[in-house]
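Worksheet: one structure, shown below.
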Amino acid sequence: MTKNIMIVGVGGQGTLLASRILGNLCMGLGYDVKVSEVHGMSQRGGSVVTYVKYGKDEKVYSPIIDKGEADIVLAFELLEAYRAMPYVKKGGKMILNSQKIDPMPVITGAAEYPSEIEKKISENIDVTAVDALALAKEAGNIKAVNVVLIGVMAKNTDIPYDKWIETIKVTVPEKFLDVNLKAFDLGYRF
Amino acid sequence: MEKNKTALMLGNAAIARGAYEAGVRVVASYPGTPSTEITESIVKYDEIYAEWSPNEKVAAEVAIGASIGGARAMSCCKHVGLNVMADPVFTMSYIGANGGLVFCVADDPGMHSSQNEQDSRHYAEASKIFMLEPADSEECKEYTKIAFDMSEEYDTPAFIRLSTRVSHSQSIVKLGERKDNELKEYVKDPGKYVMMPGNAKKRHVVVEERIKKLKALAEETSLNTVEDNGSKIGVITAGIAYMYAKEALGNRVNYLKLGMVYPLPDKKILDFAAKCDKIYVIEELDPYIEKHVRSIGVDVIGKDAFTLLGEYTPAMIKKAVFGEDEPEYAEISENIPVRPPVMCAGCPHRGTFYVLKKLGLTVSGDIGCYTLGAVAPLASVDTTVCMGASVSAALGMAKARGDEFAKKLVSVIGDSTFMHSGITGLVDIVYNKGINTVIILDNSITGMTGHQDNPTTGKTIRGEATKQVNLITLCKAVGIDRVVVADPFDVKNFEKVVKEEVQADEPSVIIAQRPCALLKTVKYTGHCKINDSCRNCKMCMKLGCPAISVRNGKVVIDENQCNGCGLCINVCPFGAIEKEEN
Ligand SMILES: Cc1ncc(C[n+]2csc(CCOP(=O)(O)OP(=O)(O)O)c2C)c(N)n1
């Protein structure tokens, strides 16, 4: 079976970079890998979903993930985590950023932001919740939420720390490298 | 990226890599999701001349000229872009190619970023130009090289068809070396290059002969492969649908994977079908392959079992073919709010739509980030059809309903869209005595597709400085005497200008000028904060800014979302919002 990782969040949160780090990591480990990205309209503050699928000794065909098939969901925002819950496979795991971003229907009062999301998800699946925004601030840039979450996820794999660092170095623009390495470390040690 | 290496690449980047390796010299395109990153990736290769053209028709013609001039050339667009470039493309089928010529078109099943879900494969059949359809990045690269070779060998343009999941998925690609093709000789040859009736009649014969040869090739080519797993069930498929089918059905069925979707190989299909008891055609969008297969007498299951709408998934294929359910999963037991795209915090368009909504005008809209002006709470855009239609359709509305209506009507169109096809509509307004008001939303960039330069930005695709189209002189030159520049964040003045211009008995243009907040050159600082003077009137909520919301009955500004643009300060009647530096 291929391993399926789904990354969900709000357009502008940097999910793309997170999926590229994972893609490069898998390739560096010699796996077959597919990364399905989102570009265009939904990047403007809409729900965004990217998929990373890899196989150690087998080919990856479809780049997308169906309901009940994700080994790990990495969620950048609480409501998006909830929306992605059905995708987690039985025995799978979710890592979520507890940050809330109101969608427009909530802002206009047409809908309410659901309550106690974290609790509702954890009734069904194994969740690790982290305040990635606070850790990103600590690292020096609120935009580093993505790499903080990658750090949390890294801790949950058996891929060595150095391999992750190596990948981040080749994926992240030089200018933001220091902040991101710090962000990764804070996530990893969370 | 060096030779003999592998790289993880987007399908789009792999098309660019294929073009590079095939020795392409000229690439001209207009951006459009999901095709944009092809041309953006071309810029990495110094050997290739690349440009953003004002629209797809111009882009295709630049590539056509380069091909006639002896160079390998390519033009890339999204599915609706092919409608715009169709005119030269159809006739180029008659002319053929000198240097290899490829039109690469990306469909958008599921409409992630599009206004319709049209299926480009019909264009191949209609224009009699062969079409290849890759299923992953490696195939993107290889098929591009093959398309160029075939284009020259058969003296024809080529189509490559992509879809969102192929364009925007990364997979592993083996990198090869560039084959530096010499420029082919250019020889004056009116019989081939001047398509007037006498010449075109002869060329049409050539086209029909060529399609016969390509049909014969389709039977032989390794682009169309049979995978015999000894099953009695056969699946005919192409592109991304093959990947979904393969994941869903594995080795439990036989496959005929079509890498060349026009022309189709009749004999190969018949032979494949003869070995199976049951044949499925699995293809997203229209029953294009299905219809053809039926027309040669093979009974298949296609759209009876699969939808015409949206994207497919492995799960739905598994269900349709084997009746197998998706795995168990945790369901959400309540209705949760959707999260549609919104204008970014700091978006200059927000000021414009705030005013248009306040004035209650009818807004003839267009395509770009500002299409989001149709969504609540700004909800002021009335129509969106295609690029450029905001201007010409408003003239039609005004002609249908008269001058009084025209005085309550504006067109809104972005800078890139105006250059694409708004200018011709404006000429029409002047020429045919319209009194319309057109607002050009000049945010200094092509925003929606991710920041491409255009003729109004003063930079080329490679970021080099170039002459900048001056929108004021351009509008004046076509005969608009009333041209006003106004800042949409200065809402008081903007409102005054709009009121004046719509009332005028002659046509006018308002250039709403303020750069996109995501541009690196735009440096808003700090964030806005609500102070004690707030009376909870919720005027600022009318802006639909993602940073402003109501928590426990009180308006609050989320400082992580706010970029300090200050528009809300300008609409607050009580001076209750102020700037706080970080
Ligand atoms: C014929 C066609 N080509 C391309 C597109 C893709 N597209 C949608 S909007 C847009 C450009 C918008 O830029 P601009 O008009 O400057 O407005 P902005 O998004 O910056 O507000 C493009 C290229 C399309 N929808 N139709």
Side-chain angles (χ1 to χ4, degrees), chain A residues 2 10-12 19-20 23-24 26-27 32-47 51 59-64 66-69 77 79-80 82-83 85-90 99 101-114 120-121 123-125 133 142, chain B residues 6-8 10 33-34 36-37 112-114 136 165-172 240 242-248 311 313-316 326-344 369 372 375-377 448-450 541 544-546 548-550 558 560-561:
Chain A
T2 57
V10 177
S19 59
R20 288 192 166 177
N24 285 340
C26 293
M27 188 167 118
D32 188 30
V33 59
K34 279 191 176 161
V35 181
S36 184
E37 304 184 344
V38 176
H39 298 258
M41 190 85 166
S42 4
Q43 275 181 302
R44 300 276 171 269
S47 302
Y51 309 105
K59 203 169 145 56
V60 180
Y61 291 102
S62 157
I64 62 166
D66 282 306
K67 283 186 179 152
E69 292 196 334
E77 197 273 345
L79 174 59
E80 296 315 308
Y82 198 21
R83 202 188 308 285
M85 183 177 78
Y87 287 83
V88 180
K89 121 186 324 174
K90 224 177 156 186
Q99 186 184 354
I101 300 174
D102 285 347
M104 202 41 73
V106 170
I107 289 179
T108 60
E112 259 182 66
Y113 199 102
K120 289 172 191 162
I121 300 175
E123 277 163 12
N124 292 297
I125 45 189
L133 189 65
I142 55 169
Chain B
T6 56
L8 189 60
L10 277 183
T33 316
T36 312
E37 301 78 12
H112 293 268
S113 285
S114 301
D136 64 11
R165 296 294 181 185
V166 173
S167 283
H168 286 165
S169 291
Q170 298 197 58
S171 57
I172 295 171
I240 194 68
Y242 165 77
M243 291 297 179
Y244 296 153
K246 183 76 186 175
E247 173 151 323
E311 292 188 286
T313 68
M316 69 194 267
E326 48 202 345
E328 266 178 61
Y329 58 83
E331 270 178 85
I332 305 170
S333 53
E334 60 188 309
N335 275 331
I336 64 171
V338 293
R339 189 187 301 272
V342 288
M343 281 179 197
C344 307
C369 290
L372 295 170
V375 211
M448 178 87 278
T449 40
M541 294 295 298
C545 174
I548 313 179
S549 55
V550 178
D558 178 349
N560 296 315
Q561 298 287 316

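Letters A, B, ... are given to chains in the order of the sequence lines, protein chains preceding strands, and every chain is numbered from 1. Here the structure is a predicted model, which is why all the values come from computation and not from measurement.
Between B:Pro34 and A:His39 there is no side-chain heavy-atom pair separated by less than 4.5 Å. Counting only heavy atoms from C-beta outward, the side chains of B:Ser549 and A:Val106 never approach each other to under 4.5 Å. Side-chain contact between B:Pro314 and A:Ile64: present, with at least one pair of heavy atoms (C-beta onward) separated by less than 4.5 Å. Considering only heavy atoms from C-beta on, B:Ile332 comes within 4.5 Å of A:Pro86 through its side chain.
In terms of heavy-atom pairs under 4.5 angstrom with chain B, the leader among A:Val33, A:Ile142, A:Asp32 is A:Val33. Counting heavy-atom pairs closer than 4.5 Å to chain A, the top residue among B:Met343, B:Glu328, B:Met316 is B:Glu328. The residue among B:Met243, B:Glu326, B:Gln170 with the most heavy atom pairs within less than 4.5 Å of chain A is B:Gln170. Contacts with chain A were tallied for B:Ala315, B:Ala330, B:Ser167, B:Ser333; B:Ala330 has the most, counting heavy-atom pairs under 4.5 Å. Ranked by heavy-atom pairs under 4.5 Å with chain B, the list A:Lys120, A:Gln99, A:Glu123 is led by A:Lys120.
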> Is there a side chain to side chain contact (heavy atoms under 4.5 Å, CB included) between A:Arg44 and B:Cys344 once you walk through the steps?
Replying inline: CA-CA 6 Å; A:Arg44 300 276 171 269; B:Cys344 307; 3.9 Å; yes

>> Go through it in stages, so that I can follow the logic: the residues are A:Glu77 and B:Arg339, the test is side chain to side chain contact (heavy atoms under 4.5 Å, CB included), and I'd like the CA-CA distance, side-chain angles, deciding distance and then a yes or no.
In response: CA-CA 12 Å; A:Glu77 197 273 345; B:Arg339 189 187 301 272; 2.9 Å; yes

>> side chain to side chain contact (heavy atoms under 4.5 Å, CB included) for A:Lys67 and B:Thr313? Distances and angles first, verdict last.
In response: CA-CA 10 Å; A:Lys67 283 186 179 152; B:Thr313 68; over 6 Å; no

> Can you check side chain to side chain contact (heavy atoms under 4.5 Å, CB included) on B:Val375 and A:Met104, steps first, answer last?
Replying inline: CA-CA 9 Å; B:Val375 211; A:Met104 202 41 73; 5.8 Å; no

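Residue B:Ile240 touches chain A through its side chain alone, counting heavy-atom pairs closer than 4.5 Å. With a threshold of 4.5 angstrom between heavy atoms, A:Glu112 approaches chain B through N, CA, C or O but not through any side-chain atom. Looking at A:Lys59, only its side chain comes within 4.5 Å of chain B, counting heavy atoms on both sides. With a 4.5 Å cut-off on non-hydrogen atoms, B:Glu37 touches chain A through its side chain but not through its backbone. When heavy atoms are compared at a cutoff of 4.5 Å, A:Ile121 does not approach chain B at all. Using a 4.5 Å cut-off between heavy atoms, A:Tyr82 contacts chain B through both its backbone and its side chain. Interface remark: B:Glu331 contributes backbone atoms only to the contact with chain A (heavy atom separation under 4.5 Å). Interface remark: B:Val550 contributes no atoms to any contact with chain A (heavy atom separation under 4.5 Å). With a threshold of 4.5 angstrom between heavy atoms, B:Thr33 approaches chain A through side-chain atoms but not through N, CA, C or O. Of the atoms belonging to B:Pro340, heavy atoms from both backbone and side chain fall under 4.5 Å from chain A.
In this structure a side-chain-to-backbone donor-acceptor pair under 3.5 Å is present from A:Arg83 to B:Pro337. At least one donor-acceptor pair under 3.5 Å links the side chain of B:Glu247 to the backbone N or O of A:Ser62.
Contact record, B:Pro377 with A:Thr108: CD-CG2, 3.7 Å, taken as the closest heavy-atom pair. Nearest heavy-atom pair across B:Leu8 and A:Met27 is N-SD, 3.5 Å. For B:Tyr244 against A:Pro63, the heavy-atom pair with the smallest separation is CE2-CD, 4.0 Å. Smallest separation of non-hydrogen atoms from B:Ile336 and A:Pro114: CG2-CG, 4.0 Å. Shown here for B:Cys545 and A:Ile107, the closest heavy-atom pair between the two residues is O-CD1, 3.8 Å.
In this view, B:Tyr242 and B:Tyr255 satisfy the ring-ring contact (aromatic ring centres under 6.0 Å, His included) rule, not counting sequence neighbours. Every side-chain contact (heavy atoms from CB on, under 4.5 Å) that B:Ser171 has, sequence neighbours left out, goes to A:Lys34, B:Asp136, B:Ser137.
To the nearest 0.5 Å, atom CG of residue B:Asn560 and atom CD1 of residue A:Ile101 are 8.5 Å apart.
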